[in-house]
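These notes concern the structure reproduced below.
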Amino acid sequence: MPVPIRLLCTVRTPSALEATVIAALADIGWQVAVRADFDVAGLAHVRHAAGSVPTCASLEDGCA
């Protein structure tokens, strides 16, 4: 049975409150993945996401 796709998009790095909500979604079973540009801001975005959701994967890792 296919898993429904839930998509949450943000512009820029999520705030602390948004990161908390995204972490809560991961806690209830959402697979969280991040995609960002490969520049200073994008790498900071990925580090922030991984710090908020340790199970976070990269879309470039083929988890889409």
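Note that the structure is a prediction, hence the values are computed from the model and not measured.
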> What are the two closest heavy atoms between A36 and G42, and how far apart are they?
Replying inline: CB-O, 3.5 Å
>> If I compare all heavy atoms of S15 with all of H48, which pair ends up nearest, and what's the gap?
In response: O-NE2, 4.3 Å
>> Minimum heavy-atom separation for P14 and A19, please, with both atom names.
In response: CB-N, 4.1 Å
>> Ignoring hydrogens, what is the shortest heavy-atom contact between C56 and A50? Give both atom names and the distance.
In response: CB-CA, 4.4 Å
>> Working note: L25 + I28, criterion side chain to side chain contact (heavy atoms under 4.5 Å, CB included); need CA distance, chi angles, decisive distance, verdict.
In response: CA-CA 5 Å; L25 292 172; I28 63 168; 4.3 Å; yes
>> Walk me through whether V53 and I22 qualify under side chain to side chain contact (heavy atoms under 4.5 Å, CB included).
In response: CA-CA 8 Å; V53 182; I22 294 168; 4.0 Å; yes
